[in-house]
Amino acid sequence: MSDPIVASAREIFATVLADMRPAVEGASPEALNWRPAADTNSIAVLVIHVMNSTRMWLSVATGAPLPERDRDSEFVATTADAPALLAIVDAFGRDCETLLANAGEIDWSAMRETHPRPRPGVSDEVTAAFALIHACSHLLEHVGQMTLTRQLWDARNGG
């Protein structure tokens, strides 16, 4: 029998990825690269960041090797169009699904190393359980931000 925690994460992940798509689909490059205010992120930035982050955190949770990552570049990312951004969602989504599908038995209390974390004083070592919960909650948070950013764009531009 598969781990019910991993099975639940797979279900949440699939649902949230499906919820992400309407924020991107049919949007112009201007909409996808627009920042509602100077200190906010565009839909493109949020997609690039959260897909890289989710893959990294799922790697930590499952004990897979950490993928290469340039976190700073995620926050200046732009996209040419919606299909290009959705292709990234699909590719990273497959990577994440594979990590979860191949997880096997996981000791949720096992300590795992992460990439260096941006907050000073925060440990680069977490439990597998923390990594999985963080992957899901972080993904949910940013999909909500994408949805709101798309709604703001549409309201601003008569859509």
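When all heavy atoms of Val47 and Val24 are compared, the pair lying nearest together is CG2-CG2, 4.0 Å. Heavy-atom minimum distance, Ala84 versus Thr79: CB-OG1, 3.9 Å. Closest approach of Thr54 and Ala135 over heavy atoms only: OG1-O, 4.2 Å. The minimum heavy-atom distance linking Cys136 with Ala9 is given by the pair SG-CB, 4.3 Å. The minimum heavy-atom distance linking Arg150 with Ala27 is given by the pair NH1-CB, 3.4 Å.
The backbone N or O of Ala44 lies less than 3.5 Å from no partner atom in the side chain of Asn33, so there is not a single donor-acceptor pair. For the pair Thr127 (side chain) and Met111 (backbone), a donor-acceptor distance under 3.5 Å is absent.
Considering His115, His142, Arg69 as possible partners of Ser53, the one that fulfils the side chain to side chain contact (heavy atoms under 4.5 Å, CB included) test is Arg69.
Side-chain N/O atoms of His138 and Glu141 include no donor and acceptor closer than 3.5 Å.
Ile5 and Trp57 fall into different hydrophobic clusters, where Ile, Leu, Val, Met, Phe, Trp and Tyr are joined by side-chain heavy atoms under 4.5 Å apart, directly or via other members. In terms of hydrophobic clustering, with Ile, Leu, Val, Met, Phe, Trp and Tyr side chains grouped at heavy-atom distances under 4.5 Å, Val143 and Leu58 are assigned to a common cluster.
Electrostatic pairing of Arg55 and Asp95 counts as a salt bridge here, judged by a charged N lying under 4.0 Å from a carboxylate O. Between Arg112 and Glu125, none of the side-chain N atoms (NZ, or NE/NH1/NH2) sits under 4.0 Å from a carboxylate O, so this pair counts as no salt bridge. For the pair Asp90 and Arg94, the salt-bridge criterion is not met [side-chain N within less than 4.0 Å of a carboxylate O].
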Go through the steps for Leu152 and Trp34 under the test side chain to side chain contact (heavy atoms under 4.5 Å, CB included), then give the verdict.
CA-CA 10 Å; Leu152 290 169; Trp34 174 69; 3.9 Å; yes
Apply the test side chain to side chain contact (heavy atoms under 4.5 Å, CB included) to residues Asn102 and Thr62: give CA-CA distance (whole Å), side-chain angles for both, the deciding distance (0.1 Å), then the verdict.
CA-CA 8 Å; Asn102 296 335; Thr62 62; over 6 Å; no
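At least one side-chain heavy atom of Cys96 sits less than 4.5 Å from a side-chain heavy atom of Phe13. Between Phe130 and Val60, the closest side-chain pair of non-hydrogen atoms is not below 4.5 Å.
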